[in-house]
Q: 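I am attaching a structure below and will ask some questions about it afterwards.
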Protein chains: 2
Amino acid sequence: MAQRDPLALEQQLCFALYTASRALTARYRPLLDDLGLTYPQYLVMLALFDRGPLTVKDLGQALHLDSGTLSPLLKRMDAAGLLRRTRSAADERSVVVELTETGEALRPRVREIPRTVFRELDTPLPDLIDLHARLTTFLGKLD
Amino acid sequence: MAQRDPLALEQQLCFALYTASRALTARYRPLLDDLGLTYPQYLVMLALFDRGPLTVKDLGQALHLDSGTLSPLLKRMDAAGLLRRTRSAADERSVVVELTETGEALRPRVREIPRTVFRELDTPLPDLIDLHARLTTFLGKLD
DNA sequence: ACACATTTGATTGTGCACAACTTAATTGCC
DNA sequence: GGCAATTAAGTTGTGCACAATCAAATGTGT
């Protein structure tokens, strides 16, 4: 009776993901608070740092979020002066999102955040790499 | 340059957890909708199935949720007739949560849910066990 | 016994997630 | 060219998460 109930296990996997996700983002929170960012807003910053101006649709595909989540989130980041939203001239349906100078100026501090979290984590890097790889494989099955 | 930026990787780990958690709970959602439950409500049901009546504090420790989340959630489940909340006689600060007959009657259907999700998942059980084990170890570092 | 600290749960307020719907622009098809 | 179908964002409404605060009950030390 190595595993008494594989179904309970599957349940536990979902719960473990749910718990681990919240616990790890909680580690980011105090650092993000210093920059006035939430975790999803931080993800938007990373996407714009890496890829330059993006449409709302692009951001949605990158972060797996829909306009119901992104529209108000981007509106808040716009109000905070971090980014600009402008209707695309080529296609008036699209809205292009790009960082302002204020947003761009946060780049070094934002990039320092995962470094700090990792330092405080006390987990060997190979373990993180391994976990990430297995999660990615698993995610592939969930499309 | 096998890994050019371990910090970006760490970032990706948090994002991978965040994405995987949402993707997997999304698999539960249509099944939970049939029972009129949300995922956190489903976790409350499981805790009560396994351990019998619990205080709000007990539930909070089991699910890593505080009263700000649990109070309104339990209020909704109470309104739906799934459970009862009663002040403890021994300690008037505590509220004991217990399933009603309606809630108890959902047990077989609730227990079928993870079974169905796993069947639709197309991932070998050993992979799930392995992922779960690594997640649990990682979670241990996050307390 | 009594003042003070702690514990428990509820409440308020903000910001995601997500479903369902709306509006406006564009595409495709004839 | 004209019209139905599709696409992109935004809006509305519900339900978490989480921080901060509050009120009431209990515990503690003297």
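All chains are named by letter (A, B, ...) in the order of the sequence lines, taking the proteins before the strands, and each is independently numbered beginning at 1.
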Q: Measure all distances between protein nitrogen or oxygen atoms and nitrogen or oxygen atoms of nucleotides 2-6 of chain D, and list the pairs falling under 3.5 Å.
A:
none

Q: Determine, using the 4.5 Å side-chain heavy-atom cutoff (strictly less than), whether A:V96 and A:V56 are members of one ILVMFWY cluster.
A: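 No: no chain of side-chain contacts under 4.5 Å links A:V96 to A:V56.
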Q: Can you sort out which residues in residues 33-67 of chain B have a heavy atom within less than 4.0 Å of DNA chain C? Ascending by number, please.
A: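 Heavy-atom cutoff 4.0 Å gives B:T55, B:V56, B:K57, B:S67.
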Q: So if I take residues 71-88 of chain B and measure heavy-atom distances to DNA chain D, which residues fall below 4.0 Å?
A: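 Per residue number, the list reads B:L73, B:R76.
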Q: Are A:L17 and A:L142 linked, directly or through other ILVMFWY residues, by side chains that come within less than 4.5 angstrom of each other?
A: yes
Q: Identify all side-chain donor-acceptor contacts of residues 68-76 of chain A below 3.5 Å with residues at least two apart in sequence or on another chain.
A:
from, atom 1, to, atom 2, distance (Å)
A:T69, OG1, A:D66, OD1, 3.4
A:S71, OG, A:S67, O, 3.1

Q: Tell me every residue that passes side chain to side chain contact (heavy atoms under 4.5 Å, CB included) with B:E92, counting only those two or more places apart in sequence or in another chain.
A: B:R87
Q: Tell me, please, which residues at least two apart from A:D127 pass salt bridge (Lys or Arg N to Asp or Glu O under 4.0 Å).
A: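 Not a single residue meets the salt bridge (Lys or Arg N to Asp or Glu O under 4.0 Å) criterion with A:D127.
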Q: With a strict under 4.0 Å distance from non-hydrogen atoms of chain B, what nucleotide opens and what nucleotide closes the contacted stretch of DNA chain C, reading 5' to 3'?
A: C:dT7 to C:dA19
Q: Take the C1' atoms of the five end pairs on each side of the helix from C:dA1-D:dT30 to C:dC30-D:dG1, get both axes, and report the angle to 10 degrees.
A: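 What I find for the helix from C:dA1-D:dT30 to C:dC30-D:dG1 is an axis angle of 20°.
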Q: With the side chain counted from C-beta on, respond yes when B:D78 and B:L83 share a heavy-atom pair under 4.5 Å apart, and no when they do not.
A: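 Counting from C-beta outward, B:D78 and B:L83 do come under 4.5 Å.
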Q: Which pairs pass side-chain hydrogen bond (donor to acceptor under 3.5 Å, both in side chains) with one or both residues in residues 42-65 of chain B, sequence neighbours excluded?
A: A:Q11-B:Y42, B:T55-B:D58
Q: Are B:L63 and B:L106 connected, step by step, through hydrophobic side chains (Ile, Leu, Val, Met, Phe, Trp, Tyr) whose heavy atoms are closer than 4.5 Å?
A: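 Looking at the clustering, B:L106 is in the same group as B:L63.
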Q: Do A:R115 and A:F118 form a cation-pi contact, if we require the NZ or CZ to be under 6.0 Å from the six-membered ring centre and within 45 degrees of the ring's axis?
A: no
Q: State which residues pass side chain to side chain contact (heavy atoms under 4.5 Å, CB included) with A:A80; sequence neighbours excluded, sorted by chain then number.
A: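 For A:A80, the residues satisfying side chain to side chain contact (heavy atoms under 4.5 Å, CB included) (neighbours in sequence not counted) are A:L82.
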Q: On DNA chain C, does the nearest nucleotide to A:A89 precede the nearest nucleotide to B:S94 from the 5' side, or the other way round? Give the residue.
A: B:S94
Q: So do A:V117 and A:L24 actually touch side chain to side chain, heavy atoms under 4.5 Å?
A: yes
Q: Is A:T25 reaching over with its side chain to a backbone N or O of A:R22, donor-acceptor style, under 3.5 angstrom?
A: yes
Q: Kindly list each side-chain donor-acceptor pair under 3.5 angstrom involving residues 31-40 of chain B, sequence neighbours excluded, with atom names and distances?
A:
from, atom 1, to, atom 2, distance (Å)
B:T38, OG1, B:Q41, N, 3.3
B:Y39, OH, A:F15, N, 3.3

Q: NA contact type, B:T69, heavy-atom cut-off 4.0 Å: base, sugar-phosphate, or nothing?
A: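 The answer is base, as B:T69 lies within the cut-off (heavy atoms under 4.0 Å) of a base atom.
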Q: Under 6.0 Å from the ring centre and within 45 degrees of the ring axis: does the NZ or CZ of B:R134 meet both conditions for the six-membered ring of B:F138?
A: no
Q: Mind checking what makes side chain to side chain contact (heavy atoms under 4.5 Å, CB included) contact with B:T100, not counting sequence neighbours?
A: B:R84, B:T102
